[in-house]
S.K.: 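Submitted below is the structure of interest, expressed as structure tokens.
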Amino acid sequence: MKPEDVKTVSDAKKIVNERKLTHVKVGVFDIDGILRGKYMSCEKFFSSLDKGFGFCDVVLGWDSNDQLYDNTEFTGWHTGYPDAQVRILPHTCRDIPFEPGMLFFLAEFTEEAKAPCPRGVLRRVLDKAREMGFEVYAGFEYEYFVFDETPDSVRSKHYRDLKPMAPGYFGYSVIRNTVHSEYYLETLDLCEKMRFPLEALHEETGPGVLEAAIAVDEGLSAADKAGLFKTFIKVHAQRRGRMATFMAKWNPNLPGQSGHIHVSLKSKAGKPVFHDARGQFGMSPLMQHFVAGQQALMPEFLGMVASTINSYTRMVPGYWAPTHATWGAENRTCALRVIPGSEKSQRVEYRIAAADCNPYLGLAAALASGLWGIEHKLALGKAVSGNAYDEKSAAKGALPTTLWDAAQKLRASKAARACFGDAFVEHFAATREWEERQFRKSVTDWELERYFEII
């Protein structure tokens, strides 16, 4: 049996027995989109397939550096960090090419823990889409820098003077992808074997930066693939004596790293619903409502998409990242890029998302806001033609400029609470406030250089 043929609990047990494994690997994504997991004995795994298992809920109660939140209600010292119930998802079975014969399965939180669980949040938004008569399709594309460094070397260098895999600016370079063809081909092979195949992989503009476009899939699977891609691209790099980073912007003098999300809808009968040859830019009235909703709610939902301190350093004029909730057709200076095409290819690209975005929450925000627009029949304003950075955007289109402000907008948003639930909004907003508080404790290089001698 092949991993892609595993669909049910009995299938999962069968493939494990066929391979005569003693252990399998199981993982769940946390609030920041980081994959947390463990090896599990087959006996425990079989029991967990039937009944679920307990996973310490601290993974929903700490930050990306394992520091415990002190401001959340869902879990903390006040609850004693109990186990939360988790279910294993048989259909997510995958080979791990680095571990011959080893199988990997995704899981997700259930019961009370499903409220803050990122995969659970997206699942609920997708359920809403189905209630409205739609099936969701999405494709993620990521820019990421690769360095000839290791986890030890970057720390010993204090993250300075890092050596990129290749020097200079050389976007779409055939020279680069041929010189480094072994690394490129290993990446393509990894993605095929782990079932998140790439439509394209190329050198981007910047030293050592690559861009990968993951093949489109239905909503939940698309987010699974995006999260696994980010995880195992890092694994592959480190196994080759390199490091990959998905920070939104690692260097102030270089462009940031995007994590754009392409979205389209189909009817339950499988017919695409975004295309109308008679409409402006081939947009159906339904697509216009969808994009209008994305535009209207982007300032309120931004904290779910730009969820780190670093996210906001990317959103500056002239660096291929939007600064206002603008839309245009085939316009890469806008936050929302409508891509005219055939009935099959017509879609919207949610360009505000960076590479550091949790794919489950990014897609949840992009989709929920669009569905909100359809539900409320929001009218779509005028498209931006030309440079969106030169537009005198309306104040309502202005985006929060800090994580703290984004967290406040999310917490105050009635639409967010309607789309994602009070429990998630309160928990996630608190985690972003925590992140901002940790940053405020730091003394940056900029401050030292500016004030140390002179002030």
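Source: prediction; values computed, not measured.
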S.K.: Begin from the C-alpha positions of Asp66 and Arg36 and carry the test salt bridge (charged side-chain N to carboxylate O under 4.0 Å, His left out) through to its verdict.
M.R.: CA-CA 11 Å; Asp66 294 4; Arg36 310 279 187 166; 2.9 Å; yes

S.K.: Looking just at side-chain N and O atoms, do Tyr183 and Asn177 make a donor-acceptor pair shorter than 3.5 Å?
M.R.: no

S.K.: Any chance CD of Glu375 has more than 12 other-residue heavy atoms, nucleotides or ligands included, within less than 6.0 Å?
M.R.: yes

S.K.: In terms of ring plane angle, is the pair Tyr142 and Phe229 parallel, tilted or perpendicular, where the classes change at 30° and 60°?
M.R.: parallel

S.K.: More than 12 non-hydrogen atoms from neighbouring residues, nucleotides or ligands closer than 6.0 Å to NZ on Lys193, yes or no?
M.R.: no

S.K.: Is the number of heavy atoms from other residues, nucleotides or ligands under 6.0 Å of Arg278 CZ greater than 12?
M.R.: no

S.K.: Can you measure from NZ (Lys249) to CG (Asn310) and round to the nearest 0.5 angstrom?
M.R.: 9.0 Å

S.K.: Hydrogens and angles aside, do Thr75 and Asp57 bring a side-chain donor and acceptor to less than 3.5 Å of each other?
M.R.: yes

S.K.: Hey, what's the ring geometry for Tyr172 with His202, parallel, tilted or perpendicular (30° and 60° as the breaks)?
M.R.: parallel

S.K.: Does the distance from a Lys or Arg side-chain N to an Asp or Glu carboxylate O, for Asp445 and Arg160, drop under 4.0 Å?
M.R.: yes

S.K.: Please verify the inter-ring angle class for Tyr69 with His427; under 30° counts as parallel, over 60° as perpendicular, anything in between as tilted.
M.R.: perpendicular

S.K.: Could you point out which residue of Arg440, Arg432, Glu435 forms a side-chain contact (heavy atoms from CB on, under 4.5 Å) with Trp404?
M.R.: Arg440

S.K.: Heavy-atom count check: over 12 atoms from other residues, nucleotides or ligands less than 6.0 Å from Ile175 CD1?
M.R.: no

S.K.: Counting only heavy atoms not in Glu73, do more than 12 fall under 6.0 Å of its CD?
M.R.: no

S.K.: For Lys163 and Glu149, what are the C-alpha separation, side-chain angles and deciding distance, and is it a salt bridge (charged side-chain N to carboxylate O under 4.0 Å, His left out)?
M.R.: CA-CA 7 Å; Lys163 184 180 184 296; Glu149 303 285 353; over 6 Å; no

S.K.: So does Lys157 have more than 12 non-hydrogen atoms from other groups sitting under 6.0 Å from NZ?
M.R.: yes

S.K.: Quick check on side-chain contact (heavy atoms from CB on, under 4.5 Å): which of Leu336, Val263, Ile339 does Glu349 satisfy it with?
M.R.: Ile339

S.K.: Around atom CZ of Phe439, are there more than 12 heavy atoms from other residues, nucleotides or ligands closer than 6.0 Å?
M.R.: no

S.K.: Anything under 30° is parallel, anything over 60° is perpendicular, the rest tilted; go ahead and classify Trp77 against Tyr81.
M.R.: perpendicular

S.K.: Are Phe301 and Trp372 close enough that their ring centers fall under 6.0 Å?
M.R.: no

S.K.: Side chains of Ser156 and Ser153 only: does a donor on one sit below 3.5 Å from an acceptor on the other?
M.R.: no

S.K.: Can you tell me if Lys38 has over 12 outside heavy atoms packed within less than 6.0 Å of its NZ?
M.R.: yes

S.K.: Starting from the C-alpha separation in whole Å, work towards a yes-or-no answer on side-chain contact (heavy atoms from CB on, under 4.5 Å) for Val125 and Phe420.
M.R.: CA-CA 7 Å; Val125 176; Phe420 312 118; 3.8 Å; yes

S.K.: List the steps and the verdict of side-chain contact (heavy atoms from CB on, under 4.5 Å) for Lys225 and Leu198.
M.R.: CA-CA 10 Å; Lys225 290 179 177 181; Leu198 301 185; over 6 Å; no

S.K.: Give a yes or no on whether a salt bridge exists between Asp127 and Arg124, defined as a side-chain N under 4.0 angstrom from a carboxylate O.
M.R.: no

